[in-house]
Amino acid sequence: DVKVTQSSRYLVKRTGEKVFLECVQDMDHENMFWYRQDPGLGLRLIYFSYDVKMKEKGDIPEGYSVSREKKERFSLILESASTNQTSMYLCASSPQLAGRNEQYFGPGTRLTVT
Amino acid sequence: AQSVTQLGSHVSVSEGALVLLRCNYSSSVPPYLFWYVQYPNQGLQLLLKYTTGATLVKGINGFEAEFKKSETSFHLTKPSAHMSDAAEYFCAVSVNSGNTPLVFGKGTRLSVIA
């Protein structure tokens, strides 16, 4: 089975702190994604990566950066956390095959910024 | 560009009743279509997908969906709701490319009443 793991299930940080959210997948997938999920807004794509050291902005990249130094690991960085970044963060991965590119999700990290 | 519309942000059914969750998509090319389920405080799990071939697709937990090109729809159904079906459901679309993200609808929360 595909497994996507996220470093924390729950995280509490203070305003202004630098926050790292880590995601690791074990299925050798080329694509990896970071989303945030808020009530009534569904899933919003922050960044995605289709190869090591490659990144593409999603719909809401402001205030975030990412790093992909190894194929299996994709990190989301909040340079200076703010209260409006309190949210559920979901990582996903997928193979790079048309018609087979369903995304596999991690369990999520619920981040609270106080 | 692709888009997904899920009609009804919240659907409530009685236990044992038919479940119908609606999804309409917009795509200029033949789409691949997906349904995901999210239980509270968890990531998304793939329920079923349509790529090519048979338009009636069966998934896990007794769910199925039918691809109707003429109606640009991919509605999710289950003949008899169970309490354990209470969750949020997301419809998603992809086109014939392996390295682009899925486009998700905003989700429908399903409540099951005893």
Side-chain angles (χ1 to χ4, degrees), chain A residues 1-6 8-10 23 25 27 29-52 54-61 74 87-111, chain B residues 1-10 21 23 25 27 29-55 57 59-60 65 67 74 87-109:
Chain A
D1 280 352
V2 176
K3 192 164 185 183
V4 179
T5 57
Q6 296 184 229
S8 304
R9 292 300 305 274
Y10 300 93
C23 176
Q25 51 97 1
M27 281 301 291
H29 286 167
E30 292 84 1
N31 300 333
M32 295 190 75
F33 311 86
W34 275 107
Y35 295 88
R36 65 177 283 176
Q37 183 179 19
D38 301 288
L41 298 179
L43 295 170
R44 292 183 291 169
L45 182 65
I46 305 172
Y47 269 97
F48 68 100
S49 169
Y50 54 87
D51 201 352
V52 175
M54 303 301 290
K55 61 183 179 183
E56 294 283 344
K57 292 181 179 179
D59 301 317
I60 53 163
F74 193 35
S87 187
M88 170 73 103
Y89 289 88
L90 293 167
C91 176
S93 71
S94 77
Q96 213 168 82
L97 299 168
R100 294 283 308 278
N101 61 332
E102 60 264 31
Q103 293 176 197
Y104 296 85
F105 284 82
T109 295
R110 189 167 292 281
L111 173 67
Chain B
Q2 310 81 46
S3 66
V4 174
T5 302
Q6 291 185 239
L7 295 174
S9 59
H10 186 206
L21 304 181
C23 172
Y25 69 91
S27 175
V29 296
Y32 302 116
L33 295 158
F34 308 82
W35 274 102
Y36 284 83
V37 60
Q38 184 182 32
Y39 299 104
N41 293 314
Q42 293 186 27
L44 279 68
Q45 177 184 1
L46 183 67
L47 264 181
L48 51 80
K49 67 176 182 179
Y50 167 78
T51 53
T52 58
T55 56
V57 181
I60 61 172
F67 170 59
F74 190 57
E88 188 144 22
Y89 293 79
F90 292 90
C91 182
V93 65
S94 174
V95 294
N96 190 19
S97 170
N99 63 353
T100 54
L102 303 186
V103 175
F104 286 87
K106 292 195 182 301
T108 297
R109 181 166 299 281

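Computed over heavy atoms, backbone and side chain alike; hydrogens, waters and symmetry mates excluded. The sequence lines fix the lettering, A, B, ..., with proteins before strands; numbering per chain opens at 1.
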Colleague: Under 4.5 Å from any heavy atom of chain B, what part of Gln37(A) do you find: side chain, backbone, both or neither?
Modeller: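 It is the side chain, since no backbone atom gets that close.
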Colleague: Cys91(A): what forms a side-chain contact (heavy atoms from CB on, under 4.5 Å) with it, not counting sequence neighbours?
Modeller: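 With sequence neighbours excluded, Cys91(A) shows a side-chain contact (heavy atoms from CB on, under 4.5 Å) to Val4(A), Gln6(A), Cys23(A), Met32(A), Trp34(A), given in chain and number order.
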Colleague: Only counting residues at least two apart or in another chain, list the ones meeting salt bridge (charged side-chain N to carboxylate O under 4.0 Å, His left out) with Arg109(B).
Modeller: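 Checked Arg109(B) against salt bridge (charged side-chain N to carboxylate O under 4.0 Å, His left out); matches are Glu88(B).
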Colleague: Please round to the nearest 0.5 Å and tell me the distance separating atom CG of Leu43(A) and atom OH of Tyr36(B).
Modeller: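 That separation rounds to 10.0 Å.
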Colleague: Tell me, do Leu90(A) and Gln38(B) make a side-chain contact under 4.5 Å, heavy atoms counted?
Modeller: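 When only atoms from C-beta onward are counted, Gln38(B) and Leu90(A) do touch, with a gap below 4.5 Å.
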Colleague: Between CD of Gln45(B) and OH of Tyr104(A), what distance do you get to the nearest 0.5 Å?
Modeller: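 Gln45(B) CD to Tyr104(A) OH: 11.0 Å, rounded to 0.5 Å.
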Colleague: Taking all non-hydrogen atoms of both residues, which atom of Phe90(B) and which atom of Gly42(A) are closest, and how far apart?
Modeller: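 So the minimum-distance heavy-atom pair works out to CE2-CA, 4.3 Å.
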Colleague: Checking Gln103(A) side chain against Leu102(B) main chain: does a donor-acceptor pair fall under 3.5 Å?
Modeller: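 Yes, Gln103(A) side chain to Leu102(B) backbone: donor-acceptor pair under 3.5 Å.
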Colleague: Using a 4.5 angstrom heavy-atom cutoff, name the option from Gly108(A), Gly40(A), Pro107(A) with the most pairs to chain B.
Modeller: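 It is Pro107(A).
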Colleague: What part of Tyr10(A) gets closer than 4.5 Å to chain B, counting heavy atoms only: side chain, backbone, both or neither?
Modeller: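 Looking at Tyr10(A), just its side chain touches chain B.
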Colleague: For Tyr35(A) and Leu44(B): C-alpha separation, side-chain torsions, deciding distance, then whether side-chain contact (heavy atoms from CB on, under 4.5 Å) applies.
Modeller: CA-CA 11 Å; Tyr35(A) 295 88; Leu44(B) 279 68; over 6 Å; no
Colleague: What part of Phe105(A) gets within 4.5 angstrom of chain B, counting heavy atoms only: side chain, backbone, both, or neither?
Modeller: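 Both parts, heavy atoms under 4.5 Å.
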Colleague: Has the side chain of Arg110(A) got a donor or acceptor atom that lies under 3.5 Å from a matching backbone atom of Asn41(B)?
Modeller: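 No: the side chain of Arg110(A) does not pair with the backbone of Asn41(B).
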